**Student:** 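The structure's right below; bear with me while I get my questions together.
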Amino acid sequence: MKKNICIGTRGSMLALWQANFIKSEIERLFPDLEVGLKIIKTTGDQITDRPLAMVGGKGLFVKEIETALLNNDIDLAVHSMKDMPGELPQGLIIGAIPKRENPFDVLISNGSRMLAEYKKGAKIGTSSLRRASQIKHIRPDLTIESIRGNLDTRIKKLKSGEYDAIVLAAAGLIRLEQESQITEYLDETIMIPAVGQGALCIETRANDDDIALIMEKLDHYDTRICVTGERAFLKQIEGSCHIPVACFGKIENNNVVLTAVVASEDGKELIKEQLVSPMDKMELNGRILADKVLEKGGKKILESLNSNDA
Ligand SMILES: NCc1[nH]cc(CCC(=O)O)c1CC(=O)O
């Protein structure tokens with residue numbers, strides 16, 4: 001067994017919180033191990049001025065870290081699950097999926113207004129196509145404006161009056177102890193979260209048996225089951241960051257209720273489908289749900305989006 005283990009991570013506050021959390025979990029479970037962090041800059045970290053949907057490409061926040069893993073520069077990588085592309089490079093696996101934090105999106109208002117209470121024309125900040133189209137679908141009268149930057153920057157832009165409200169993932173706010181800022185939780189009746197939102201992904205080398213022993217202890221069964229279904233959906237849809245897609249799995253009575261959305265960018269068309277799956281059939285049922293969404297109009301939406309890309 002190795003004595004020293006190196007975790008690769010991005011350098012953002014949230015990424016460092018997540019990597020330090022996994023470091024302390026490993027040290028608690030395996031007191032003989034010493035765990036260090038290595039900060040790796042990714043392409044996504046270097047682009048701060050444009051919505052990432054415009055940059056395109058999958059895995060903007062993970063590629064350089066995966067290279068370090070394949071080169072044995074690090075032993076494991078801690079990512080936000082929702083930053084992970086559908087397919088991993090040859091030789092790498094999802095070693096563990098720890099227990100999920102709150103998976104939902106939230107509204108932070110200037111004041112205390114809920115989404116339903118805003119007046120026509122109110123400015124909502126988000127750069128996520130998934131969030132924008134789901135808001136436009138229920139509130140076509142609101143104005144969606146792009147926003148980027150880290151959590152503090154976004155909250156500062158909100159407080160300065162640039163926006164009436166912004167939408168963020170609950171998980172990041174909770175982890176960085178900013179939960180008190182939240183005005184409204186947008187649960188799955190209002191907005192379906194991104195695939196994997198709120199979960200972490202610990203990526204490892206497929207042939208590293210020492211690390212596998214550690215991963216066993218970090219994995220959370222229910223989270224892995226739900227995320228497996230969500231990611232099977234994502235792979236089948238072949239979702240790029242160009243398209244508003246969402247999928248969320250939740251355990252109810254020993255089954256997983258998977259809900260998925262594909263929407264047009266203006267929110268006028270929105271296909272929402274649900275499927276109840278036994279826990280051991282998530283790969284299959286994630287794919288079946290994707291086919292159902294495609295057949296019910298998702299395919300048409302995706303084709304019109306792809307032709308806009310050209
Ligand atoms: N888009 C960037 C990103 N990637 C992961 C999180 C935190 C939430 C999570 O772990 O799912 C965030 C912030 C956000 O979307 O508000």
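When a ligand or atom number is given, it counts from 1 through the structure's own listing order. Source: prediction; values computed, not measured.
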**Student:** For ligand 1, is there an atom lying under 4.0 Å from some heavy atom of Arg175?
**Tutor:** yes
**Student:** Phe30: which residues meet the ring pair (Phe, Tyr, Trp, His ring centres under 6.0 Å) condition with it, sequence neighbours left out?
**Tutor:** none
**Student:** Can you confirm whether more than 12 heavy atoms, excluding those of Lys272, are under 6.0 Å from its NZ atom?
**Tutor:** yes
**Student:** Could you list which atoms of ligand 1 come closer than 4.0 Å to a heavy atom of Arg131?
**Tutor:** 14 (C), 15 (O), 16 (O)
**Student:** What protein heavy atom lies closest to atom 5 (C) of ligand 1? Include the residue and the distance to one decimal.
**Tutor:** Ser80 OG, 3.3 Å
**Student:** Can you name the residues that form a salt bridge (Lys or Arg N to Asp or Glu O under 4.0 Å) with Lys82, not counting sequence neighbours?
**Tutor:** none
**Student:** Among all protein heavy atoms, pick out the one at the shortest distance from atom 16 (O) of ligand 1; state its residue, atom name and that distance to 0.1 Å.
**Tutor:** Ala169 N, 2.9 Å
**Student:** Give the C-alpha distance, both sets of side-chain angles, the deciding distance and a yes or no for side chain to side chain donor-acceptor pair (under 3.5 Å) between Gln274 and Thr259.
**Tutor:** CA-CA 4 Å; Gln274 209 166 59; Thr259 311; 2.8 Å; yes
**Student:** Hey, is Arg205 close enough to Asp75 for a salt bridge, meaning N to O under 4.0 Å?
**Tutor:** yes
**Student:** So if I count the atoms of ligand 1 from 1 in the order they appear, which ones are less than 4.0 Å from some heavy atom of Leu168?
**Tutor:** 16 (O)
**Student:** Working to the nearest 0.5 Å, report the span between CD of Glu283 and OG of Ser277.
**Tutor:** 10.5 Å
**Student:** Please could you name the atoms of ligand 1 that Leu14 approaches to less than 4.0 Å, counting only its heavy atoms?
**Tutor:** 6 (C), 7 (C)
**Student:** If you count the atoms of ligand 1 from 1 in the order shown, which ones are under 4.0 Å from a heavy atom of Gln197?
**Tutor:** 11 (O)
**Student:** Write out the residue and atom name of the closest protein heavy atom to atom 11 (O) of ligand 1, then the distance separating them to 0.1 Å.
**Tutor:** Gly198 N, 2.7 Å
**Student:** Determine, for Glu27 against Lys23, whether the closest basic-nitrogen to carboxylate-oxygen distance falls under 4.0 angstrom.
**Tutor:** yes
**Student:** Which bit of Leu151 is near ligand 1, meaning a heavy atom under 4.0 Å away: side chain, backbone, both or neither?
**Tutor:** neither
**Student:** Tell me, which protein residue and heavy-atom name are nearest atom 6 (C) of ligand 1, and how many Å apart are they?
**Tutor:** Lys82 CE, 3.6 Å
